[in-house]
Amino acid sequence: MSGNRFEIRVPATSANMGPGFDVIGLAVNILLKLDISLYEEVPSSAKNPGFNVEIQYSGDNSTVPLEPEKNIILVVALFILKNNGFSKFPKYTKVVAENNIPLGRGMGSSAAAIVAGAILANEVGKLGFSREELLKYCLVFENHPDNITPAMVGGIVASYINHASNSDDNTATADANKGSNKSISGDSIDFVRVPYSDKIKAVTVVPQFELSTSVARSVLPTSYEKSDVKTVGTWARENCGYPEPTEYTWIAWCLLEWCWPDRPRSGDR
Ligand SMILES: Nc1ncnc2c1ncn2[C@@H]1O[C@H](COP(=O)(O)OP(=O)(O)OP(=O)(O)O)[C@@H](O)[C@H]1O
Ligand SMILES: N[C@@H](CCO)C(=O)O
């Protein structure tokens, strides 16, 4: 951060790697960038004085709403600020977003927006939250951690939710309109970063149509037969004979074709 201007950069992510449905994801070098300017006084051209913030996009983001109560980056930031003693952005804030992540194509655009909003609130509110604490807030908006965790910490990450209560609402997706009804639950994320060789390169195949995560999740059954679900450990035993996966075998299974027929992420979809 330099003076009253700073940048936030959050990567796209690919989730559901190999047998890690809702668990294993990786960050890729395609970025959502926010260029943020803070003003000591509210400019005369201020657009949303009630929120003290405005956002605009460079590039093609014609389908994304700009209103602070609808734009997911600002909804998340305002939610966190309001949960920490602020009624609006503490200084008038202009955000210029350059989004290079295709929307609704399985590259974690909503997770990047949510993580960017969380980091934005942390910076403007000087809240001092750790990445782990910010992830708890991100979970309020996307209640499966396989995109938001690598978007926050980078690399290849296996993560799961520690539920604070018996509620297992894994239907939550990035719906900005629900922001005002949401509350932080006490759920948290445990994660393990998996080391990998920089010789591994990612190739992404982006579909020409948009499919929202909420629709893609709605076709999934509520339960699976045990035989439908291949765990990492199962793959370890079947394919390499190791009793437990090591970090290297994890990567191999996740990246190699053997893992692809895992039923929770294919079949119904
Ligand atoms: N930078 C952004 N600013 C504001 N809203 C965004 C931004 N990125 C994504 N969104 C919102 O999130 C929606 C897409 O979220 P959705 O979860 O359906 O797909 P995805 O995150 O791109 O894909 P997946 O979760 O399958 O990887 C967009 O249609 C838009 O409403
Ligand atoms: N694990 C998530 C990733 C997409 O957000 C799913 O398959 O619904």
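Start at 1 and go down the list; that is how both ligands and their atoms are numbered. Just so we're clear, the structure is a prediction, and the values are computed from it rather than from any experiment.
The shortest N/O to N/O separation between Met107 and ligand 1 falls below 3.5 Å. Of the polar atoms of Leu103, none of the N or O atoms is found under 3.5 Å from an N or O of ligand 1, judged by distance alone. Considering backbone and side-chain N/O atoms, Asn16 comes within less than 3.5 Å of an N/O atom of ligand 2.
Annotation for ligand 1: atoms under 4.0 Å from non-hydrogen atoms of Asn71 are 4 (C). Shown in contact with Gly104 at under 4.0 Å from a heavy atom are these atoms of ligand 1, numbered in order with element: 14 (C), 19 (O), 20 (P), 22 (O). Atom numbering of ligand 2 starts at 1 in the shown order; those under 4.0 Å from a heavy atom of His144 are 1 (N), 2 (C), 3 (C), 4 (C), 5 (O). For ligand 1, the atoms closer than 4.0 angstrom to any heavy atom of Ile72 are 4 (C), 5 (N), 6 (C). In summary, the atoms of ligand 1 found under 4.0 Å from a heavy atom of Arg105, numbered by their order in the structure, are 22 (O). The Ser109 neighbourhood of ligand 1 comprises atoms 8 (N), 9 (C), 14 (C), 20 (P), 21 (O), 22 (O), with distances under 4.0 Å to a heavy atom of that residue. Atoms of ligand 2 lying under 4.0 Å from any heavy atom of Thr213, numbered from 1 in the order shown and given with element: 4 (C), 5 (O), 8 (O). Close approach to Val64 involves these atoms of ligand 1, each under 4.0 Å from a residue heavy atom: 3 (N), 4 (C), 5 (N). Shown in contact with Tyr57 at under 4.0 Å from a heavy atom are these atoms of ligand 1, numbered in order with element: 1 (N), 2 (C), 3 (N), 4 (C). For ligand 2, the atoms closer than 4.0 angstrom to any heavy atom of Asn147 are 3 (C), 4 (C), 5 (O).
A 4.5 Å side-chain heavy-atom check between Tyr57 and Val96 finds every atom pair outside the cut-off. Looking at heavy atoms from C-beta onward, Glu142 lies in side-chain contact with Asn147 at the 4.5 angstrom threshold. Taking 4.5 Å as the limit, some side-chain heavy atom of Leu74 sits within range of a side-chain heavy atom of Val53.
The side-chain hydrogen bond (donor to acceptor under 3.5 Å, both in side chains) with Tyr160 is formed by just one residue from the set Asp22, Thr149, Asp190; it is Asp190.
Only the side chain of Ile73 comes within contact range of ligand 1, with a heavy atom under 4.0 Å; no backbone atom does. With a 4.0 Å cut-off on non-hydrogen atoms, Glu210 touches ligand 1 through its side chain and not its backbone. Using a 4.0 Å cut-off between heavy atoms, Ser212 contacts ligand 1 through both its backbone and its side chain. Both the backbone and the side chain of Asp22 come within 4.0 Å of ligand 2, judged by heavy-atom distances.
Heavy-atom minimum distance, Glu210 versus Leu103: CG-O, 3.4 Å. Nearest approach of Val28 to Pro11, heavy atoms of both residues: O-CB, 3.3 Å. Across every non-hydrogen atom of Ala151 and Thr13, the tightest pair is N-CG2, 3.5 Å.
At least one heavy atom of Gly108 lies less than 4.0 angstrom from ligand 1.
Using a cut-off of 4.0 Å between Lys/Arg side-chain N and Asp/Glu carboxylate O, Glu7 and Arg9 are scored as salt-bridged. Here Asp35 pairs with Arg5 in a salt bridge; the nearest charged N to carboxylate O distance falls below 4.0 Å.
Taking the six-membered ring for Trp and the full ring otherwise, Phe141 and Phe79 have centroids separated by under 6.0 Å.
Here the shortest heavy-atom distance to atom 21 (O) of ligand 1, taken over Ala116, Ser110, Ala216, Ala112, belongs to Ser110.
Between the side chains of Tyr92 and Glu40, no donor N or O sits under 3.5 Å from an acceptor N or O.
If you take OH on Tyr196 and CZ on Arg193, they are separated by 7.5 Å, rounding to the nearest 0.5 Å.
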